[in-house]
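The structure appears below as structure tokens.
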Amino acid sequence: MLQISNTVTIPEHEIEMSAVRSQGAGGQNVNKVATAIHLRFDIMASSLPDCYKERLLKLSDQRLTKEGVIVIKAQEHRSQEQNREEALQRLQELIKSAIALPKPRKKSKPTRASQRKRLDSKSKRAQIKNMRGKVTDE
């Protein structure tokens, strides 16, 4: 059981995990033992609330496939159990980040002083450019 919030949990049978061999250097251990974990979580087939599913499917994350399956590979640790825990933790963080609503932006007005400063700098710049014109004798 993966706890997402106080009311939302994901049962273990909805999360598919398989052990595969890790990549990279590691000596004989890496060639013999399948310590890396491939975690697959089908969003549409899950028991998550619909609002969670919608927000997860809208994510532009490379771990999300076109079919709506989250794929996470954990291979940082030498033991399979630690990699399993890390993969579950990454899934939990991904779901929590997807459901967090962004803070609404409040409209703000520029202050009178900043408006005056901007207009003064514009007129000063215009005057400098005017001075670059041809000089005429009068």
Side-chain angles (χ1 to χ4, degrees):
M1 192 75 84
L2 185 64
Q3 187 80 28
I4 303 299
S5 67
N6 294 336
T7 55
V8 179
T9 56
I10 300 173
E12 289 288 324
H13 65 85
E14 291 181 2
I15 301 169
E16 179 188 325
M17 283 193 260
S18 56
V20 293
R21 287 192 180 156
S22 293
Q23 296 174 328
Q28 292 175 340
N29 191 56
V30 78
N31 299 327
K32 294 189 293 186
V33 186
T35 56
I37 296 291
H38 260 186
L39 181 144
R40 296 178 66 82
F41 178 68
D42 190 358
I43 296 170
M44 293 310 294
S46 69
S47 61
L48 286 173
D50 290 334
C51 59
Y52 281 49
K53 289 180 184 180
E54 286 174 24
R55 291 190 66 99
L56 279 170
L57 290 171
K58 285 181 185 174
L59 278 179
S60 60
D61 196 305
Q62 62 187 14
R63 297 172 286 189
L64 184 64
T65 64
K66 290 178 186 173
E67 295 81 35
V69 177
I70 296 173
V71 179
I72 296 174
K73 184 175 183 182
Q75 62 179 8
E76 198 169 304
H77 303 286
R78 284 178 61 101
S79 76
Q80 194 180 88
E81 190 55 41
Q82 283 180 315
N83 284 329
R84 179 176 276 117
E85 288 173 16
E86 185 182 343
L88 287 171
Q89 186 177 2
R90 282 197 222 159
L91 176 65
Q92 185 180 28
E93 288 171 3
L94 179 70
I95 295 171
K96 282 183 177 180
S97 68
I99 60 169
L101 293 170
K103 199 165 76 173
R105 185 188 178 280
K106 294 178 184 173
K107 287 184 182 178
S108 60
K109 253 185 166 179
T111 61
R112 268 211 189 118
S114 67
Q115 286 176 344
R116 195 175 306 116
K117 187 177 173 184
R118 182 180 63 87
L119 293 174
D120 287 346
S121 69
K122 280 175 68 123
S123 58
K124 189 174 182 183
R125 188 80 189 142
Q127 192 177 16
I128 290 170
K129 288 188 173 191
N130 258 341
M131 297 297 283
R132 291 182 190 156
K134 289 183 180 176
V135 179
T136 55
D137 283 335
E138 288 183 36

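The basis for the numbers below is simple: all heavy atoms, side chains too, and nothing from hydrogens, waters or symmetry mates.
Residues Gln80 and Val33 form no side-chain contact, since every pair of their non-hydrogen atoms from C-beta on lies 4.5 Å or further apart. Glu81 is listed as a side-chain neighbour of Arg84, based on a closest heavy-atom distance under 4.5 Å. Side-chain contact check for Ile4 versus Gln92: some heavy-atom pair is nearer than 4.5 Å. In this structure, the side chains of Leu48 and Arg55 stay at 4.5 Å or more apart for every pair of heavy atoms. In this structure the side chain of Val8 reaches within 4.5 angstrom of the side chain of Pro49, judged on heavy atoms. Looking at Leu59 and Ile70, their side chains never come closer than 4.5 Å, going by heavy atoms from C-beta outward. For the pair Asp42 and Met44, the minimum side-chain heavy-atom distance is below 4.5 Å.
Formation of a donor-acceptor pair under 3.5 Å by the Asn83 side chain with backbone atoms of Thr35 is found in this model. Judged by distance alone, with hydrogens and angles left aside, the side-chain atoms of Arg90 form a donor-acceptor pair with the main-chain N or O of Lys73 at under 3.5 Å.
Here the shortest heavy-atom pairing between Arg63 and Leu94 reads NH2-CD1, 3.3 Å. Contact between Gln75 and Ala36 at its shortest, heavy atoms only, is CB-CB, 3.6 Å. Ala98 and Leu56 get closest at one heavy-atom pair: CB-CD2, 3.6 Å.
How far CD1 of Ile95 is from OG of Ser5: 10.0 Å, rounded to the nearest 0.5 Å. Rounded to the nearest 0.5 Å, atoms CD (Glu86) and CD (Glu93) are 9.0 Å apart. Annotation: the span from Ile37 atom CD1 to Gln82 atom CD amounts to 11.5 Å, rounded to 0.5 Å. Atom CG of Leu88 is separated from atom CD1 of Ile15 by 5.5 Å, given to the nearest 0.5 angstrom. Atoms NZ and CD, from Lys109 and Gln115 in turn, are 8.0 Å apart once rounded to the nearest 0.5 Å. Of the inter-residue distances, the one linking Leu119 atom CG with Arg116 atom CZ reads 9.5 Å to the nearest 0.5 angstrom.
Annotation for Gln62: atom CD does not count as buried by contact number, only 12 or fewer foreign heavy atoms lying within 6.0 Å.
Linking ILVMFWY residues whenever their side-chain heavy atoms come closer than 4.5 Å, directly or via other members, leaves Ile72 and Val69 in distinct clusters. Leu2 and Val71 fall into different hydrophobic clusters, where Ile, Leu, Val, Met, Phe, Trp and Tyr side chains are chained together by heavy-atom contacts under 4.5 Å.
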